[in-house]
Chemist: 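One structure coming up, written as structure tokens, with questions to follow.
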Amino acid sequence: MSRLEFFIDQSRCIGCQACVQACGECDTHRGTSMIHLEYVHRPTGVQTAPMVCMHCEDPTCAKVCPADAIKKDDNGVVLSAAKPRCVGCSNCVLGCPFGVPKMQVSIDLMMKCDMCYDRTSVGKKPMCATVCPSEALYFGERETLERKRREKPVNEFKFGQQTVRTKVNMMTSSEKDSIPIDVAELMAHETVQGETLWEAREGAPDAASFAVWDD
Amino acid sequence: MSELHKSGSPCGPLFAELCHRYVLMALKNLRAVIAGSFLGGIVLLGIVIGSLGGIHFDAELTFYAIGSILAASAIGYRFALWAERPPTRRYLSRGYQFLREGRQRPKKTIKRSLSIGTEKFVGQGFIRRRSIFRWIMHLCLSGGCTLAFAVTFPLVFGWVHFQPFLGDATRYEVRVLGVAVDSFSVHSSKAWLMFNLLNIAGVIVVVGVVMALYRRLTDPGERATQSFSEDFVPLLLIMAVATTGLALTVSYKWFGGDAHGILAIIHLICVLGLLFYIPFGKLFHMFQRICSFCVGWYKQEGAAGIQAHCARCSQPFASRMHIDDLKVVLDQLGFDYRYGTDAEAGHYQEICPACRRRLIALNQGQAIGR
């Protein structure tokens with residue numbers, strides 16, 4: 001496990017949903033898929049983005065938990081909520097800057113991606129990374145990845161004033177050392193036919209192209 | 001420290017070091033030490049007053065009483081440490097606030113407290129919905145242990161004792177805090193039930209432990225994440241207490257009291273082990289569950305109140321109270337998720353989880369140039 005790392009490049013996602021299906025096969029949360037596959041803005045684009053737990057070095061979810069239910073193991077994997085402890089308060093769901101934990105309301109239990117603990121703890125790949133055809137979700141050695149990609153893996157995110165470092169890496173431009181999460185630029189800024197649109201970026205698949213609204 | 005190190009036997013430095021550490025820890029967690037001492041004191045006082053100044057105290061059970069006082073202190077200490085954490089403090093104080101405000105509508109407050117209490121503590125419906133097997137297992141463990149504690153603590157503390165009638169040794173009188181509340185014939189089924197309540201509890205607990213061990217040994221998900229100290233030790237401790245307790249009955253019923261003395265000592269050691277494990281291990285969740293009562297109430301109040309709407313997609317995603325509370329808790333914990341300039345400062349807490357995921361995708365795409 002030590003040499004294998006998780007790398008995500010959301011922009012490579014083709015929205016095939018294989019990860020969503022595979023995730024539900026994981027033994028630690030059998031039958032319930034934990035991965036998020038988000039349509040970035042469905043009315044105006046086809047871009048999808050997978051989101052797994054990033055396994056923060058100083059997990060906000062664990063810190064805001066009132067019941068000490070979220071623990072990090074020696075390898076830095078942030079585990080799903082401990083079943084006897086979780087009180088189902090949703091603090092973690094609302095606290096996580098990546099929007100990862102899922103609240104199972106009926107059973108009073110938060111569940112989230114635990115990097116397929118049953119698999120990665122014995123040297124196997126997580127379910128999602130084994131099935132991802134476009135390698136948007138990649139689990140392997142850093143050197144192998146670096147040979148294959150021109151993008152650079154980083155594990156630092158800036159949410160406004162807060163810097164968050166994670167175990168899972170995300171691919172970004174080779175000139176960058178971190179991924180700043182710009183909110184203001186990407187806010188809803190205009191309304192067309194009652195639908196809010198976000199800042200258009202020319203040529204981007206998620207761009208709010210006005211063309212789709214013109215009959 | 002160096003002065004202390006020079007003194008005495010080879011154990012000296014180690015002992016001095018331990019004392020030093022203990023004192024530092026106690027000073028750092030002074031409030032928790034006070035809470036622990038307070039709870040221990042309450043139990044001691046309960047024993048002294050409840051046994052009417054020791055008249056009805058059963059000297060055979062002295063070690064159990066001492067263990068209970070020490071365990072109560074440890075539980076008070078751990079509880080205070082836990083309750084001082086910002087998110088916990090927030091929920092506990094909110095729970096207290098709801099109860100206090102609810103005094104104006106006592107009927108509604110009592111009804112809601114009972115419904116939350118029944119669901120979370122008695123019926124444990126949230127476990128039933130996880131799995132029926134685990135529900136039965138947990139009811140056996142929690143119900144069996146509660147029954148056993150309910151029988152033993154009043155006996156150990158001298159609150160309840162049995163006394164034969166003068167002139168009629170076949171009838172027993174039940175005295176609670178020195179007051180006769182009931183009487184029964186030793187040949188009645190009631191007597192059988194009274195004298196075997198602890199054995200019944202023991203059997204229920206053993207059933208629960210066996211079910212739990214079966215699950216821990218066969219469930220692939222649990223096998224991947226469980227640890228010996230966190231998940232097996234409590235089960236083995238409970239099992240040891242139940243089986244040695246039942247062995248005492250077996251010994252005096254069918255083997256003429258063979259090995260009863262040594263069994264009693266082993267049982268005592270197991271019980272003390274369990275009592276001291278409670279505050280520091282998995283079993284502490286029985287006290288942490290108090291928070292679920294506050295959370296249940298919090299959710300109902302939140303749903304009835306103003307909702308927070310996502311700053312990006314304008315959809316409601318949580319209660320306004322929850323988002324505002326979380327901002328305070330994040331500040332207390334040293335996180336700062338504010339963004340933008342002072343003039344147009346925003347808080348990441350105002351964005352719904354789905355929009356947070358989308359924002360990350362948008363930013364990643366932007367950074368990578370796709």
Side-chain angles (χ1 to χ4, degrees), chain A residues 9-11 27-30 36 38 40-41 47 49 51 60 63-68 79 83-85 87-91 93-99 106-109 114 117-118 121 151 159-162 170-173 176 179-184 186-188 196 198 201 204-206, chain B residues 82 85-88 90-91 120 126-127 129-130 219-221 223-225 282 285 288-289 291-292 295 298-299 311-314 317-318 322-323 326 329-330 333 335-340 344 346-349 351-370:
Chain A
D9 187 343
Q10 292 178 311
S11 66
D27 269 334
T28 55
H29 48 84
R30 264 189 317 283
H36 296 272
E38 215 63 57
V40 176
H41 189 228
Q47 189 191 354
M51 180 53 85
T60 309
K63 286 276 179 72
V64 297
C65 176
D68 298 330
L79 292 164
K83 297 177 189 94
R85 294 191 178 188
V87 289
C89 72
S90 292
N91 266 10
V93 176
L94 298 171
C96 172
F98 298 98
S106 71
I107 56 172
D108 255 7
L109 182 67
D114 60 1
Y117 202 83
D118 55 321
S121 59
E151 296 84 14
F159 298 91
Q161 312 291 323
Q162 186 65 45
M170 201 172 259
M171 306 306 286
T172 189
S173 144
K176 291 195 159 67
I179 298 183
I181 306 300
D182 196 338
V183 180
L186 298 159
M187 278 304 204
T196 45
W198 286 275
R201 290 190 293 110
D206 59 284
Chain B
W82 170 67
R85 293 190 54 237
T88 319
R90 199 82 193 157
Y91 274 119
K120 306 278 183 196
F126 59 100
I127 306 181
R129 291 186 287 274
R130 290 176 195 182
D219 186 294
R223 287 177 63 180
T225 49
K282 182 184 193 172
H285 78 262
Q288 287 179 312
R289 276 275 146 194
C291 195
S292 79
V295 167
Y298 192 92
K299 281 183 173 171
R312 195 162 177 274
C313 68
S314 313
F317 70 102
H322 200 170
I323 296 300
L326 213 47
V329 168
L330 284 170
L333 290 166
F335 288 106
D336 188 0
Y337 282 105
R338 288 177 188 82
Y339 61 83
E344 274 185 84
H347 202 295
Y348 217 64
Q349 282 303 312
I351 298 167
C352 74
C355 276
R356 290 181 206 174
R357 297 192 290 270
R358 291 183 193 122
L359 276 172
I360 286 161
L362 285 167
N363 277 286
Q364 194 259 348
Q366 203 163 44
I368 217 163
R370 287 201 179 109

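Letters go in sequence order (proteins before strands), and every chain restarts at 1.
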Chemist: Sort K63(A) into side chain, backbone, both or neither according to what part of it lies under 4.5 angstrom from a heavy atom of chain B.
Modeler: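 Looking at K63(A), backbone and side chain both touch chain B.
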
Chemist: Heavy-atom distance under 4.5 Å to chain A: side chain of Y337(B), backbone, both or neither?
Modeler: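 Looking at Y337(B), backbone and side chain both touch chain A.
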
Chemist: Identify which of N91(A), D27(A), T172(A), D118(A) forms the greatest number of heavy-atom pairs closer than 4.5 Å to chain B.
Modeler: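 Heavy-atom pair counts peak at N91(A).
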
Chemist: What closest approach, in Å, do F98(A) and R357(B) show between heavy atoms, and which atom pair accounts for it?
Modeler: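 Nearest pair, atom of F98(A) first, then R357(B): O-CG, 3.2 Å.
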
Chemist: Taking all atoms of both residues into account, what is the closest heavy-atom pair of W82(B) and A67(A), and its distance?
Modeler: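 W82(B) and A67(A) have their closest heavy atoms at NE1-CA, 3.9 Å.
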
Chemist: Identify which of E151(A), H36(A), M51(A) forms the greatest number of heavy-atom pairs closer than 4.5 Å to chain B.
Modeler: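 Option with the greatest count: H36(A).
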
Chemist: Given a strict heavy-atom distance threshold of 4.5 Å, which part of I127(B) is in contact with chain A: side chain, backbone, both, or neither?
Modeler: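 Contact with chain A: none, neither part.
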
Chemist: Against chain A, work out which of R223(B), R90(B), R338(B), R130(B) has the most heavy-atom pairs shorter than 4.5 Å and name it.
Modeler: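 The residue among R223(B), R90(B), R338(B), R130(B) with the greatest pair count is R130(B).
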
Chemist: Highest number of heavy-atom pairs under 4.5 Å with chain A: which of C352(B), P86(B), A318(B), S292(B)?
Modeler: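 Most heavy-atom pairs within the cutoff with chain A belong to S292(B).
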
Chemist: Could you check whether any side-chain heavy atom of T60(A) comes within less than 4.5 Å of a side-chain heavy atom of L330(B), counting everything from C-beta outward?
Modeler: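 Yes, their side chains come closer than 4.5 Å.
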
Chemist: Can you tell me how far CD1 of I181(A) sits from CD1 of I360(B), rounded to the nearest 0.5 angstrom?
Modeler: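 Reported value, rounded in 0.5 Å steps: 5.0 Å.
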
Chemist: What part of F335(B) lies closer than 4.5 angstrom to a heavy atom of chain A: side chain, backbone, both or neither?
Modeler: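 Both parts, backbone and side chain.
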
Chemist: With heavy-atom distances below 4.5 Å as the criterion, would you say the side chains of P97(A) and Y348(B) are in contact?
Modeler: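 When only atoms from C-beta onward are counted, Y348(B) and P97(A) do touch, with a gap below 4.5 Å.
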
Chemist: Can you tell me which portion of P180(A) sits under 4.5 Å from chain B's heavy atoms? Options are side chain, backbone, both or neither.
Modeler: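 When you check distances to chain B, only backbone atoms of P180(A) fall under 4.5 Å.
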
Chemist: With rounding to the nearest 0.5 Å, note down the distance linking CG in L109(A) to CZ in R129(B).
Modeler: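 One gets 12.0 Å once the value is rounded to the nearest 0.5 Å.
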
Chemist: I'd like to know if the side chain of Q10(A) and the backbone of G365(B) have a donor-acceptor N/O pair within less than 3.5 Å.
Modeler: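 Between the backbone of G365(B) and the side chain of Q10(A) there is no qualifying donor-acceptor contact (under 3.5 Å).
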
Chemist: Which atoms of K120(B) come close to chain A, meaning under 4.5 Å heavy atom to heavy atom: side chain ones, backbone ones, both, or neither?
Modeler: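 The side chain, not the backbone.
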
Chemist: Could you report the tightest heavy-atom contact between C65(A) and P87(B), atom names first, then the distance?
Modeler: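 Smallest heavy-atom distance, with atoms named: O-CG, 3.7 Å.
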
Chemist: Quick one: of V64(A), D114(A), T28(A), who has the most non-hydrogen atom pairs under 4.5 Å with chain B?
Modeler: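 Looking at each of V64(A), D114(A), T28(A) in turn, V64(A) comes out on top.
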
Chemist: Which heavy atom of N363(B) sits nearest a heavy atom of D182(A), and at what distance?
Modeler: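 In this case the closest contact between N363(B) and D182(A) is OD1-N, 2.9 Å.
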
Chemist: Please state whether the side chain, the backbone, both or neither of H347(B) comes within less than 4.5 Å of a heavy atom of chain A.
Modeler: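 Neither part.
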
Chemist: Is a side-chain N or O of R358(B) found less than 3.5 angstrom from the main chain of A49(A), in a donor-acceptor match?
Modeler: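 Judged by distance alone, no pair lies under 3.5 Å.
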
Chemist: For residues P84(A) and K282(B), report the shortest heavy-atom separation together with the two atoms involved.
Modeler: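 Looking at all heavy atoms of both residues, the shortest contact is CG-CE, 3.4 Å.
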
Chemist: Working to the nearest 0.5 Å, report the span between CG of D219(B) and CZ of R30(A).
Modeler: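 Reported to 0.5 Å precision, the distance equals 5.0 Å.
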
Chemist: Rounded to the nearest 0.5 Å, how far apart are OG1 of T88(B) and CG of D68(A)?
Modeler: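 Spacing of OG1 (T88(B)) from CG (D68(A)) equals 6.5 Å.
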
Chemist: Write down the atom of R356(B), the atom of V93(A), and the distance for their closest heavy-atom approach.
Modeler: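 Closest approach of R356(B) to V93(A), heavy atoms only: NH1-O, 4.1 Å.
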
Chemist: Hey, could you give me the CG/OG1 distance between L79(A) and T225(B), rounded to the nearest 0.5 Å?
Modeler: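 Nearest 0.5 Å value for the CG-OG1 distance: 7.0 Å.
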
Chemist: I want to check something: taking the side chain as every heavy atom from C-beta on, are I368(B) and M171(A) in contact at a cut-off of under 4.5 Å?
Modeler: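 They are in contact (side-chain heavy atoms under 4.5 Å apart), so the answer is yes.
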
Chemist: Mark yes or no for whether Q349(B), through its side chain, and L94(A), through its backbone, hold a donor-acceptor pair below 3.5 Å.
Modeler: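 Side chain of Q349(B) to backbone of L94(A), a donor-acceptor pair under 3.5 Å: yes, one is there.
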
Chemist: To the nearest 0.5 Å, what is the distance between OG (S90(A)) and CZ (F317(B))?
Modeler: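 So the gap between those two atoms works out to 11.5 Å.
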
